[in-house]
Amino acid sequence: QVQLVESGGGLVQAGGSLRLSCAASGRTLSIYATGWFRQAPGKEREFVAAISWSDGNTYYADSVKGRFTISRDNAKNTVYLQQNSLRPEDTAVYYCAAADEEAYKTVVPTTAYKYDYWGQGTQVTVSS
């Protein structure tokens, strides 16, 4: 089992920045990829960014490219999501997810159902 705990959410004005953290514990050696998803009220959960734990390859949704950066600290078993130039439409609950399928070591998934473990979420609110 893997446990994920997100932190770093909050209220920020448009144009501001936040850094979200996702700390993993438990069977962390089984994690091959970590992703961030978000869900706004009345909307479906959507992919934001993902990173491979082996080679560090990153993937982003078009809506956040150039503004968000995903990174990892293997020693701390932590994945970060640096959010810059935030917009009101970025307002959502952000979830961290981990995949433990070895196939995802090189082909990082961008769909929610391929992830096995989820955190409780952290709220990001961007005011205009």
Side-chain angles (χ1 to χ4, degrees):
Q1 288 289 326
V2 174
Q3 294 78 42
L4 303 172
V5 178
E6 303 100 331
S7 62
L11 173 64
V12 64
Q13 289 188 333
S17 299
L18 285 173
R19 188 176 81 154
L20 307 184
S21 299
C22 172
S25 61
R27 295 185 60 199
T28 56
L29 290 179
S30 69
I31 299 174
Y32 289 99
T34 299
W36 285 95
F37 292 77
R38 66 186 181 187
Q39 188 166 19
K43 294 188 177 181
E44 293 186 354
R45 190 168 298 189
E46 65 173 358
F47 170 75
V48 175
I51 188 167
S52 164
W53 278 84
S54 60
D55 57 20
N57 282 344
T58 58
Y59 305 81
Y60 296 94
D62 288 342
S63 59
V64 306
K65 276 181 184 175
R67 300 187 299 123
F68 291 8
T69 303
I70 189 171
S71 62
R72 77 196 193 289
D73 185 332
N74 290 36
K76 295 182 179 180
N77 292 321
T78 300
V79 171
Y80 304 97
L81 185 68
Q82 178 66 42
Q83 302 176 299
N84 297 328
S85 302
L86 282 162
R87 305 167 180 169
E89 53 264 39
D90 294 319
T91 295
V93 177
Y94 283 73
Y95 297 91
C96 172
D100 65 1
E101 290 286 336
E102 189 170 359
Y104 299 148
K105 182 166 65 173
T106 54
V107 183
V108 175
T110 59
T111 50
Y113 78 89
K114 293 184 178 180
Y115 285 85
D116 305 283
Y117 305 99
W118 291 83
Q120 80 289 351
T122 185
Q123 176 71 47
V124 171
T125 303
V126 185
S127 63
S128 57

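All values below come from the heavy atoms of this structure, side chains included, with hydrogens, waters and symmetry mates left out.
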Which pairs, with at least one residue in [range] and sequence neighbours excluded, count as a salt bridge (charged side-chain N to carboxylate O under 4.0 Å, His left out)?
| range | answer |
| --- | --- |
| residues 72-81 | none |
| residues 7-16 | none |
| residues 31-42 | R38-E46, R38-D90 |

What distance do [X] atom [atom1] and [Y] atom [atom2] have between them, rounded to the nearest 0.5 Å?
| X | Y | atom1 | atom2 | answer |
| --- | --- | --- | --- | --- |
| T34 | N77 | OG1 | CG | 9.5 Å |
| D100 | K114 | CG | NZ | 14.0 Å |
| I70 | N57 | CD1 | CG | 11.5 Å |

Are [X] and [Y] in one and the same hydrophobic cluster, where Ile, Leu, Val, Met, Phe, Trp and Tyr link if side-chain heavy atoms are under 4.5 Å apart?
| X | Y | value |
| --- | --- | --- |
| I31 | Y104 | no |
| V48 | I51 | yes |
| F68 | V126 | yes |

Would you indicate whether the side-chain heavy atoms of Q123 and L11 approach each other to under 4.5 Å? no
Flag the pair E6 / Q120 as yes when at least one side-chain heavy-atom distance between them is below 4.5 Å, and no otherwise. yes
Heavy-atom closest contact ([X] atom, [Y] atom, distance):
| X | Y | answer |
| --- | --- | --- |
| T122 | G9 | OG1-N, 3.2 Å |
| W53 | V79 | CZ2-CG2, 3.4 Å |
| S85 | R67 | O-NH1, 3.0 Å |
| Q39 | K43 | NE2-O, 3.1 Å |
| Y60 | T69 | OH-CA, 3.4 Å |
| P88 | S128 | CG-CB, 3.8 Å |

Is L29 isolated, or which residues cluster with it under the ILVMFWY side-chain rule of less than 4.5 Å, directly or via members? none
Under 4.5 Å side-chain heavy-atom separation, chaining through any Ile, Leu, Val, Met, Phe, Trp or Tyr, what else clusters with F37? Say none if it is isolated.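 Cluster partners of F37: F47, Y59, V93, Y95, V108, Y115, W118.
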Cut-off 3.5 Å, no hydrogens considered: what does the side-chain donor-acceptor table look like for residues 12-27, sequence neighbours left out?
from : atom 1 : to  : atom 2 : distance (Å)
S17  : OG     : N84 : OD1    : 2.9
S25  : OG     : Q3  : OE1    : 3.4

Would you please test W36 and C96 for side-chain contact (heavy atoms from CB on, under 4.5 Å) and show each step? CA-CA 5 Å; W36 285 95; C96 172; 4.1 Å; yes
Would you find a donor on one side and an acceptor on the other, under 3.5 Å apart, between the side chain of T111 and the backbone of Y113? no
